Amino acid sequence: MFAEPMNTQPTTSSRLQRLDGSPVRVLVVDDESNLTELLSMALRYEGWDVRTAANGASAVRVAREFQPDAVALDMMLPDFDGLEVLRRMRADSPHVPVLFLTAKDAVEDRVAGLTAGGDDYVTKPFSLEEVVARLRALMRRTAVVADEASSVLAVGDLTMDEDSHEVTRAGQHIQLTATEFELLRYLMRNPKRVLSKAQILDRVWNYDFGGQANVVELYISYLRKKIDAGREPMIHTMRGVGYVLKPAA
């Protein structure tokens, strides 16, 4: 038995979600179908979007398509081991957190996984609650998920309290007008996603036509002066496409 039963009582912790309001995405990689099914059920119970893979090659392919917010990865797979899967995943998604699942309990095996870039590990047999808790903790460290109950958005060192309207970058308070705030909120709720001028107009100014696209350029420039001035830029222009907010490199 590789996993202990999970308590079916509803969790008292707040649900995690992406900043755009969609469910967080978790990829489970293990060749033991019973374990994969149990883990998937437990994670879906949290309201998360779950995909699975039974070998290293399919894991890399699914990760590239699915873009998970976290990965639960078995160390021993039929084609190649978890360390090679991690290396290939990180080539596409350098910051995705990875929780290793392993039947090995030798110290050197744990060290090897963490040294290779894994973020945490659990040793089989484990409780499903422990896997859920560790994945939750890993995702809370990233810049693309937030607690459903929280009013605070965070992308890199930029934070916004949607209730108090306080905005800070690297701990420094930033004063914004009401329109600047709404524009930044839209960008922060869609981190690393390119937003067109038409989308921004529709969401921030409620315009469904392109005649006022210059107002977007104007307010993006206002935001840049306040958010990016003297710092590594976070707001980027994608020529002919739109704008994207992402953590500073």
Side-chain angles (χ1 to χ4, degrees), residues 14-25 64 67-70 90-97 119 136-249:
S14 59
R15 291 185 184 274
L16 287 185
Q17 61 182 10
R18 290 186 152 201
L19 294 182
D20 63 2
S22 62
V24 297
R25 301 172 184 175
R64 187 175 295 121
Q67 294 293 300
D69 298 305
R90 286 279 169 80
D92 294 318
S93 302
H95 304 298
V96 62
D119 298 279
R136 179 184 291 273
L138 290 178
M139 285 188 286
R140 277 181 170 145
R141 300 178 195 168
T142 70
V144 295
V145 303
D147 284 335
E148 189 177 46
S150 174
S151 66
V152 178
L153 303 177
V155 179
D157 61 356
L158 180 66
T159 64
M160 167 185 285
D161 190 318
E162 295 182 285
D163 291 338
S164 69
H165 279 216
E166 292 181 354
V167 176
T168 64
R169 182 163 182 196
Q172 183 177 347
H173 182 73
I174 298 171
Q175 189 70 39
L176 299 178
T177 66
T179 302
E180 290 167 350
F181 182 87
E182 289 303 321
L183 174 56
L184 182 61
R185 170 153 56 183
Y186 186 40
L187 293 171
M188 292 185 71
R189 282 192 167 273
N190 294 275
K192 301 182 182 179
R193 176 185 172 192
V194 179
L195 302 171
S196 69
K197 291 180 181 178
Q199 288 174 308
I200 294 172
L201 278 170
D202 183 54
R203 182 62 176 266
V204 180
W205 283 273
N206 296 317
Y207 295 164
D208 57 2
F209 57 93
Q212 300 293 326
N214 62 312
V215 75
V216 176
E217 297 176 10
L218 182 63
Y219 273 86
I220 287 288
S221 71
Y222 291 162
L223 271 187
R224 280 186 168 134
K225 290 175 183 176
K226 296 183 176 183
I227 300 299
D228 289 342
R231 306 180 179 94
E232 192 72 22
M234 295 182 66
I235 303 172
H236 302 270
T237 300
M238 307 299 288
R239 300 257 179 226
V241 183
Y243 302 97
V244 60
L245 177 82
K246 54 187 178 181

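Quick caveat, the model's predicted, so the values are computed rather than measured.
In this structure, L187 and V155 have side chains that are not in contact, with every pair of non-hydrogen atoms separated by 4.5 Å or more. Residues L183 and V216 fail the side-chain proximity criterion, which asks for heavy atoms closer than 4.5 Å. Taking 4.5 Å as the limit, every side-chain heavy atom of R18 sits out of range of all side-chain heavy atoms of P191.
For the atom pair T179 OG1 and L184 CG, the distance stands at 12.5 Å (nearest 0.5 Å). The CG atom of L201 sits 11.5 Å away from the CG atom of L195 when rounded to the nearest 0.5 Å. Taking CD from E166 and CG from D161, the interatomic distance works out to 6.0 Å, rounded to the nearest 0.5 Å. Remark: M139 CE to D119 CG distance equals 12.0 Å, nearest 0.5 Å. Remark: L158 CG to K246 NZ distance equals 15.0 Å, nearest 0.5 Å.
With sequence neighbours excluded, the residues that form a side-chain contact (heavy atoms from CB on, under 4.5 Å) with R224 are I220, D228, I235, T237, Y243. S196 meets the side chain to side chain donor-acceptor pair (under 3.5 Å) test with Q199; sequence neighbours excluded. When the side-chain contact (heavy atoms from CB on, under 4.5 Å) test is applied to S221, the partners found at least two apart in sequence or on another chain are L218. Partners of D157 by salt bridge (charged side-chain N to carboxylate O under 4.0 Å, His left out), not counting sequence neighbours, listed by chain and number: R169. Shown here are the side-chain contact (heavy atoms from CB on, under 4.5 Å) partners of R189, two or more places apart in sequence or in another chain: L153, E162, R185. For the side chain to side chain donor-acceptor pair (under 3.5 Å) test, no residue two or more places apart in sequence or in another chain qualifies with S93.
The heavy-atom pair separating P247 from K192 by the smallest distance is CD-CE, 3.9 Å. Heavy atoms only, all atoms of each residue included: V167 and M160 are closest at CG2-CE, 4.1 Å. In terms of heavy atoms, M234 sits closest to A248 at CG-N, 4.1 Å. Across all their heavy atoms, D69 and V24 have their closest contact at OD2-CA, 3.4 Å.
N190 places no side-chain N or O within 3.5 Å of a backbone atom of R193 that could act as its donor or acceptor partner.
Pairs passing the ring-ring contact (aromatic ring centres under 6.0 Å, His included) check and including a residue from residues 214-235, sequence neighbours excluded, read W205-Y219, Y219-Y222. Counting only residues at least two apart or on different chains, the ring-ring contact (aromatic ring centres under 6.0 Å, His included) pairs with a member in residues 170-201 are H165-F181.
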